[in-house]
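Data first, discussion second: the structure below is written as structure tokens.
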Amino acid sequence: MEPVVLQSGTATPTGTANASAAGPVTTLPETISGALGLSGTVGDLVGGLIGAFLIANIMLAMTAVAGPWAKRKITAAFTDRIAVNRIGPFGLLIIVADAVRLLSKELIIPDGVDRPAWDIAPIILPFSALLGFAVIPLGSGLQLADPETGIVFAFAAGSIASLGLVMAGYASNNKYSLLGSLRSIAQNLAYEIPLVVTAASVIIFAGTFRTSEIVAAQTETLVTVAGIAIPGWYAFVNPFAFVLFVIANLAEIGRNPFDIPEAPTEIVAGYQTEYSSVYFVLFYLGEFIHIFLGGALIAVLFLGGPAGPVLPGFVWMVIKMWAFFLFTQWARSAVPRVRIDQLIEIGWKGMLVLSFANLVLTAILVGVIA
Amino acid sequence: MIIEALIAVTFAASMAVLLAPDRVAGRLAAALSLLPVVGSLYMWSRFDASGNALTGGSIAFETMVPWLELGGYTLNWHVGVDGIALPLVVLTTVLTTLAIVSAWTPIDDRQSQFYGLMLFMEANLLGVFTALDFFVWFVFWEAVLLPMYFLIGVWGGPRRKYAAIKFFVYTNIASLAMFIGFIALVFGLGDSVSTLDMPAIAQALRAGELGGLHGISAGTLRSVAFIAMFLGFAVKVPIVPFHTWLPDAHVEAPSPVSVMLAGVLLKMGTYALLRFNFTMLPQTAVQFAVPIALIAVISVIYGAMLALAQQDLKRIVAYSSVSSMGYVILGLIAYTVYGVGGATFQMIAHGLISGLMFMSVGVIYNTTHTRMVGDMSGMADRMPVTVGILIAGAFGYMGLPLMAGFAGEFFIFKGAFESTVTGAMPLFTAAAMFGIVVVAGYLLFAMQRTLFGAFRLETDYEVGPAALHQTVPLAILLVTIIALGVAPDIFFGMIRDAVAPLLEFGGEL
Amino acid sequence: MNEWIAIGALGVVGVGIPIGMMVVSALLRPSITEQGKTVIYESGEVPTGTAHVQFNIQYYMVALLFLVFDVETVLIFPWTLIYRSALENGATLGQTLVPMLVFIGVLVVGLVWAWRNGAVEWVKSPRANRRKTERQS
Amino acid sequence: MTPLQIQLPTWTAVAPTLLLGLTALVLLLVDSIDPDSTRPGLLAGISALGSVATLAVAGWFLLAGTGQDGGAIELYGGSLIVDGLSLFFTVVFASVAALVSIASYDYLRDRTYQAEFYALVMLAATGMSLMASSGSLATVFVSLELASLPSYALVAFLKKNRGSVEAGLKYFLVGAVSSAVFAFGISLVYAVTGSLLLSEVASSIGSAGDLVGVAGVGVLMIAGGFAYKTASVPFHFWAPEAYEGAPAPISAFLSSASKAAGFAVAFRVFAVAFPIESVVPMGIDWPLLFAVLAVVTMTLGNFAAATQENVKRMLAYSSVGHAGYALIGLAALSSGGPNGDVMGASMAHLFVYGFMNTGAFLFIAMVERWEVGRTFEDYQGLATQAPMACVAMTVFMFSLAGLPPFGGFLSKYALFYSAIQGGFWWLAAVGAINSALSLFYYSRVVKAMWIEDPADSLDLGTTPLGIYVAVLAAAVGTLLLLPAFGPVVETAQSAATALFA
Amino acid sequence: MVPVQWYLLLAAAVFCIGLFGILTRKNALLFLMSVELMLNAANINLVAFSAYWGNVTGQTFSLFTMALAAAEVAVGIGIILVLYRNFEDVDVTAATEMRW
């Protein structure tokens with residue numbers, strides 16, 4: 001390895017901490033503060049808060065649509081039923097109804113729960129998923145921030161969710177909850193590494209962690225078939241990695257066939273067994289935002305982010321995220337759940353090995369071609 | 001290379017014996033110990049050195065190989081013999097063989113270890129008497145202690161643990177004092193020596209090249225080093241008041257070990273005194289002549305008096321050794337040819353005679369299982385040969401003419417009377433001579449009570465003559481003693497030759 | 001710096017929205033204290049024992065394995081970042097690729113060992129069980 | 001130089017370290033191929049072979065003058081340095097590892113997880129070897145952890161034995177804290193100098209300016225980390241527990257090799273990174289610190305050892321005492337003094353100590369195997385049953401005490417002597433007095449074995465061959481180091497002198 | 001811009017909090033967490049001064065520190081597990097087979 005690793009640059013004090021260079025793209029807060037005519041820290045603060053509120057609400061809206069309505073519709077379609085069609089057009093107002101219903105339910109606090117942890121856990125889950133969106137380019141300038149460490153930050157933020165699950169399971173004073181949280185941990189642990197290592201194989205191509213640059217790197221034309229320029233999306237460049245990443249992502253967000261943390265037929269509802277009312281809503285919300293975060297990561301890493309013809313970037317991004325959501329719902333109906341031992345074996349003996357193989361092969365290929 | 005071969009063969013023999021089964025260990029050890037005897041006799045026959053090894057005389061069988069360098073000082077493997085060392089080498093090899101043979105009867109437990117340790121000790125003793133580099137010498141010097149510690153501690157009498165520890169602690173502390181004293185001297189020499197080679201250091205010291213050290217003046221350093229070394233060796237000799245380990249060790253040690261202890265180990269102390277204190281620092285020795293002579297005389301008298309009070313035969317011989325060593329010191333401080341030469345000769349003579357005494361006491365003890373004077377009488381009836389030799393040895397001790405003891409003591413007294421190191425020397429000599437009377441007294445008294453009269457020891461077995469292999473070593477020793485008494489020049493010639501250079505400086509004072 | 005202000009803002013919002021929902025819910029929902037309602041759910045049975053049961057040792061094994069491998073990815077990431085640009089700037093494969101292959105090779109040895117020694121087996125196979133009893137005897 | 005000399009590529013200079021690491025991997029692979037069968041001979045053989053190969057290569061490099069004649073070989077921009085010091089200590093580690101591997105053959109024969117045991121030993125040895133050749137504080141820390149982490153596991157290896165687990169826990173707790181302290185110290189030094197490379201630290205620490213206090217605290221904390229690794233005051237109190245509770249071969253490994261590794265890296269770091277000429281005038285007087293530590297450590301270790309009834313614990317405390325002696329190598333330094341000689345003498349002492357102390361602990365391993373007991377009383381009369389082994393133990397004991405006919409005497413002599421030459425006669429005096437005191441408790445073992453009468457029921461059963469061979473090999477080594485001390489100390493002193501150049 | 005001394009103070013504070021935890025807590029797991037705090041204090045220094053000096057040495061080393069911290073925790077958890085099995089407690093003062 002290069003000696004660079006342990007010692008690079010001469011020891012000269014610059015006197016100030018390195019100001020990290022502003023991202024190559026104009027971020028949402030910049031746009032907002034620019035529009036408001038603010039600058040400096042105040043501008044950053046105001047712009048950031050408004051932008052964050054905007055992004056969060058977009059996600060909440062998508063989740064609201066996806067959770068109470070789309071999910072039921074899709075499942076019904078797979079099972080050849082009709083669902084939620086009474087209230088409003090296509091039953092869309094069920095979203096409002098459900099929201100009110102769940103929020104106004106009595107909160108039952110079971111005996112012997114570990115109080116602060118039990119209360120904090122439902123906050124952590126949506127918080128972690130939302131935080132991940134801070135660095136995702138949603139297209140059309142809808143990107144809150146574009147730090148150098150973008151994609152790594154997204155992974156890190158998304159992983160905080162595990163902490164919430166453990167807290168919930170452990171604080172609930174319920175055997176099912178405990179088991180559920182343990183399972184979720186085991187699962188997250190087993191699939192986190194393949195996920196990250198597969199992402200690393202993409203980083204080899206891109207050479208950057210900055211999400212906007214990863215997206216930009218995928219805009220080059222890979223090959224032109226019959227006059228249509230196919231962009232160099234990494235899903236095309238490295239389909240194997242794509243497949244691996246999607247599978248690992250499924251496990252990471254705990255969807256079928258990897259939904260054993262909740263496995264309703266085995267452990268009631270897993271870590272959320274004892275939660276009701278708004279606490280339950282928050283879990284529900286968090287899970288769905290998490291699915292969209294997974295979709296967004298896939299889109300950014302493999303599907304060219306918000307890029308796409310004709311339509312604006314934001315629409316394409318939403319399409320890609322929803323595509324992944326649809327995929328998870330399809331999997332929910334089409335694929336049986338794996339057992340915990342199978343899950344672990346697939347993770348450690350299959351995914352891990354394959355992901356490392358993928359990394360090494362990618363590195364070798366890139367090296368040889370370069 | 002003969003010296004290296006001698007030491008190596010002895011080491012190898014000790015290992016071989018250690019690994020041999022108990023059954024054959026004694027025979028094997030005796031047979032193997034003949035090799036160094038032959039070797040040392042061969043050395044004697046080819047001996048051609050003259051002068052003192054330390055003062056620049058020629059050295060026989062010398063080898064000098066650089067060993068390691070430490071902080072600017074080169075340590076060499078330097079061995080060789082001169083007229084002082086060679087007789088001691090011969091004494092060591094001969095006495096070891098005889099001691100091993102005499103151990104056949106009393107030692108019946110862990111035999112291979114016993115004989116292995118005896119040979120191991122012999123090898124190190126040979127090293128002590130031949131080494132001419134301080135470091136090599138010190139290594140051998142200390143290595144002698146280990147086998148002795150075990151020999152006393154494992155095969156000794158009832159209080160063997162106490163005796164062994166006492167021996168070990170006394171001698172080790174003494175070694176430490178001596179070591180520090182000597183190294184301080186070497187430091188004091190500064191740049192004038194770059195080795196720990198004893199001849200080089202001795203010559204530098206005699207040439208007066210000693211400088212100060214860390215603000216200590218040369219004179220003070222010399223005195224302090226002299227005292228430290230003297231104390232260190234005095235314990236080994238032993239000289240009153242450092243003698244208390246000796247009776248314990250002797251009494252508890254099995255007889256063959258006592259033979260080695262009295263016969264050779266004590267000589268290490270006097271040999272080292274001669275080599276270090278009296279050769280290297282003659283001025284200081286003369287400066288301290290009165291106290292040294294006083295200590296010598298006290299040793300003589302006090303040792304003899306103590307012997308007189310003992311009931312245990314071994315204790316009697318042990319204390320009489322203290323007394324005899326007093327003569328040696330007296331001879332050394334006399335700084336005349338006869339004084340120093342006689343002291344050296346007395347080392348050999350005393351080695352043989354005390355060996356003979358301990359051995360014959362051992363033979364009697366093997367038969368009677370007691371050493372108490374009061375318990376025995378009339379042994380002459382039952383063990384005539386052994387008793388005869390014992391009596392002969394006792395007379396040797398008393399200084400009967402035509403025996404080695406007489407020659408040694410005579411030379412010492414002659415030398416001491418002639419000495420000019422202090423005006424009081426004749427006085428001291430006369431006082432020391434009084435010791436002879438006491439020795440004669442206690443020996444005759446003990447002999448008379450144990451050996452003659454009616455036999456009255458009650459045993460459940462027949463007390464009869466000792467076996468041949470017990471008697472032969474005694475006979476050989478007796479013959480040697482008489483031979484040395486009749487013709488002391490066998491050794492005295494080379495001894496005189498070797499001590500003469502020492503006196504060029506000291507004797508004139 | 002301002003990026004992180006924005007991210008922090010999203011963090012604040014991310015905490016604020018759930019808390020806001022909790023507040024809203026607290027205003028809306030009823031609270032009827034009733035005995036038996038707060039009993040923890042155990043499929044309708046009366047709950048027995050503590051919920052903090054001892055669980056499968058395999059959870060620890062997986063956790064330990066994860067700890068090791070996940071941290072190694074920390075060391076892989078910087079490499080992926082510079083790999084291509086280093087190659088483009090003239091570094092040889094021996095400088096860029098081989099060390100990482102060695103690193104991953106060592107990791108793989110560890111994984112193989114863990115695999116073969118049953119660290120990633122959730123249910124001990126009969127073979128492993130037999131071995132265990134054999135060793136104990 | 002001979003015309004046939006082959007010029008090896010530069011990276012092969014770390015071949016000894018690589019060999020150790022490779023051995024660990026091979027062991028794991030062998031275990032992976034067939035985890036069900038336990039073949040102690042094969043595993044111990046691979047381990048011993050790897051160590052001996054390392055020993056051979058390191059010895060060859062040392063003799064051939066690799067990294068010594070033409071200046072140190074620097075790899076990875078100076079992060080790894082192969083020179084006399086690193087090769088010298090690698091020889092020590094490899095020797096000890098070989099002895100421990102051979103001895104563990106019997107010790108482990110009936111236990112599970114053998115391959116893991118050997119692999120951990122090899123990994124720890126790799127870490128130690130890396131420690132000796134670290135040229136950057138980063139590699140120092142990483143290799144220190146690489147040496148420590150397997151050691152924790154090894155100490156707690158007997159996981160059903162409460163003593164072993166407790167020992168492992170205490171070792172780990174103290175180790176974790178001290179490594180955190182160490183890391184913080186490194187970060188402070190980095191804060192002041194802006195570099196982790198020892199040579200660059202040295203050149204810029206002199207201009208610390210306002211941050212001299214920070215630098216001082218950093219140096220102090222780094223010294224603390226080394227104190228832990230070398231079992232010196234104030235991080236010594238893990239040592240008696242860990243050595244007593246651990247499997248005896250591991251006690252041997254830790255108390256010899258691990259300690260030597262700590263000194264190896266401390267020598268290099270303090271000699272190279274914190275040069276006395278520039279640091280001491282700033283008020284960071286680390287030789288004084290080590291002088292105090294040395295005196296306290298040796299005195300405390302020896303007095304504590306003298307009061308023990310348990311032989312293993314006695315050896316453990318005596319090992320603390322020996323750390324105190326070796327600390328003289330860091331304490332008796334001064335600007336312009338014969339620093340190379342002092343440090344070299346300390347290295348030579350550690351070399352000899354590697355043999356005699358390993359041998360002593362392995363003898364205890366053998367006694368544990370015999371199931372005789374652990375106290376002095378239990379050792380009574382062992383010599384009647386196992387004379388050769390007891391001869392070996394006697395050699396170790398007297399050599400540890402510093403009696404002349406053994407290697408330990410020369411190494412202590414050289415150490416004290418060089419301290420006196422450096423003007424630190426009081427250090428040498430304290431050392432000599434302690435050394436004399438130590439004879440008391442060492443000779444107790446000897447006395448028990450040889451002179452005391454055995455208990456009636458003393459029955460040793462079969463002699464474990466592997467341990468026996470290892471003990472005898474260590475004894476022969478201790479004896480041979482008397483005549484062969486010259487080249488050892490010369491190599492050490494020239495290697496140490498090169499550090500100060 | 002934040003003066004660099006503040007980072008030193010922050011790191012020292014975190015370090016002391018960790019040290020305090022070590023000195024006062026008996027639970028082995030809390031002990032581990034305290035050690036992690038101390039290591040992270042070192043990381044704060046490394047990263048802050050990496051920026052101050054304008055080289056990546058400190059940052060890179062902090063990665064290694066993290067990796068080693070994790071490995072240390074792995075070993076530590078293993079030892080605490082066997083501790084629990086042998087002493088039915090994760091109290092570090094429970095293990096007193098040998099005297100200190």
Side-chain angles (χ1 to χ4, degrees), chain A residues 1-2 19 23 29 44-45 48-49 51-53 55-56 103-111 122-123 126-127 130-131 134 144-147 152 173-175 178 182 186 189-190 192-193 196-197 200 203-204 207 209 268 273-274 277-278 281-282 340-341 344 348-349 356 360 363 366-367 370, chain C residues 1-11 13-15 17-19 21-22 24-25 28-32 37-43 51-53 55 59 62-63 65-66 69-70 73 76-77 80-81 83-88 91 93 95-97 99-101 104 108 111 115 120 122-123:
Chain A
M1 220 181 291
E2 299 269 55
D44 287 341
L45 210 59
L49 273 174
F53 196 69
I55 299 276
L103 283 182
S104 58
K105 279 206 165 186
E106 188 192 356
L107 179 69
I108 295 168
I109 300 161
D111 297 331
I123 302 175
F127 164 77
L130 276 177
L131 199 59
L144 197 59
D146 195 17
V152 180
N173 191 27
N174 182 314
K175 299 187 183 81
L178 184 67
L182 285 174
L189 298 189
E192 179 86 25
I193 300 164
V196 172
V197 170
I203 306 298
I204 289 183
F209 292 146
V268 190
T273 305
E274 291 296 341
S277 181
V278 66
V281 174
L282 289 173
I340 176 92
D341 60 317
I344 297 296
W348 288 104
K349 296 185 181 174
F356 270 108
V360 169
V366 169
Chain C
M1 254 350 223
N2 55 2
E3 294 158 342
W4 294 99
I5 291 177
I7 291 172
L10 186 60
V13 172
V15 175
I17 288 177
I19 289 179
M21 286 169 73
M22 283 179 176
V24 170
S25 161
L28 288 178
R29 67 179 177 230
S31 177
I32 302 149
K37 214 151 93 174
T38 58
V39 173
I40 56 167
Y41 181 74
E42 211 150 279
S43 303
H52 294 165
V53 289
F55 37 83
Y59 284 111
V62 169
L65 263 184
F66 169 76
F69 281 96
D70 196 47
T73 59
I76 290 176
F77 257 109
T80 61
L81 200 58
Y83 179 62
R84 210 164 148 187
S85 59
L87 283 177
E88 279 162 7
L93 279 184
Q95 283 174 305
T96 52
L97 184 60
M100 187 46 70
L101 288 186
I104 293 177
V108 167
L111 181 66
W115 184 337
V120 295
W122 200 260
V123 181

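So that the names make sense, note that chain A is the first sequence line, chain B the second, and so on, each numbered from 1.
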Could you tell me the separation between the CD1 atom of A:Ile203 and the CD1 atom of C:Ile76, rounded to the nearest 0.5 Å?
12.5 Å

Looking at C:Ala9 and A:Leu49, what are the two nearest heavy atoms and their distance?
CB-N, 3.7 Å

For each of C:Ile19, C:Val24, C:Leu111, tally heavy-atom pairs with chain A at distances under 4.5 Å, and name the one with the top tally.
C:Leu111

Closest non-hydrogen atom pair between A:Lys105 and C:Arg29, with its separation:
O-CB, 3.0 Å

Report the option among A:Val360, A:Leu107, A:Val152, A:Val197 that has the most heavy-atom pairs separated by less than 4.5 Å from atoms of chain C.
A:Leu107

Cut-off 4.5 Å, heavy atoms of chain A, and the answer for C:Leu81 is both

Under 4.5 Å to a heavy atom of chain A? For C:Tyr83 that would be side chain

Roughly how far, to the nearest 0.5 Å, is CG of A:Leu282 from CE of C:Met22?
5.0 Å

Assert top hit (heavy-atom pairs under 4.5 Å, partner chain C, pool A:Ile204, A:Leu189, A:Val278) equals A:Leu189

Measure C:Val15 against the heavy atoms of chain A and call it side chain, backbone, both or neither at under 4.5 Å.
both

Is chain C contacted by the side chain of A:Lys349, its backbone, both, or neither, given a heavy-atom distance below 4.5 Å?
both

Indicate yes or no: at least one non-hydrogen side-chain atom of C:Phe77 is less than 4.5 angstrom from one of A:Val196.
yes

Determine whether A:Leu130 and C:Val13 make a side-chain contact, defined as any pair of heavy atoms from C-beta on separated by less than 4.5 Å.
no

Which atoms of A:Phe209 are under 4.5 Å from chain C, going by heavy atoms: the side chain, the backbone, both sets, or neither?
both

Test item: C:Pro18 and A:Phe127 side chains (from C-beta on) under 4.5 Å apart, heavy atoms:
no

Among A:Ser104, A:Gly51, A:Ala134, A:Pro126, single out the residue with the greatest number of heavy-atom pairs under 4.5 Å to chain C.
A:Ser104

Taking every non-hydrogen atom, the tightest pair across A:Gly367 and C:Leu87
CA-CD1, 3.5 Å

May I ask you to name which of A:Ala52, A:Gly207, A:Gly48 has the most heavy-atom pairs under 4.5 Å with chain C?
A:Ala52

Side chain from CB out, backbone as N, CA, C, O: work out which of these in C:Ser85 comes under 4.5 Å of a heavy atom of chain A, or both, or neither.
neither

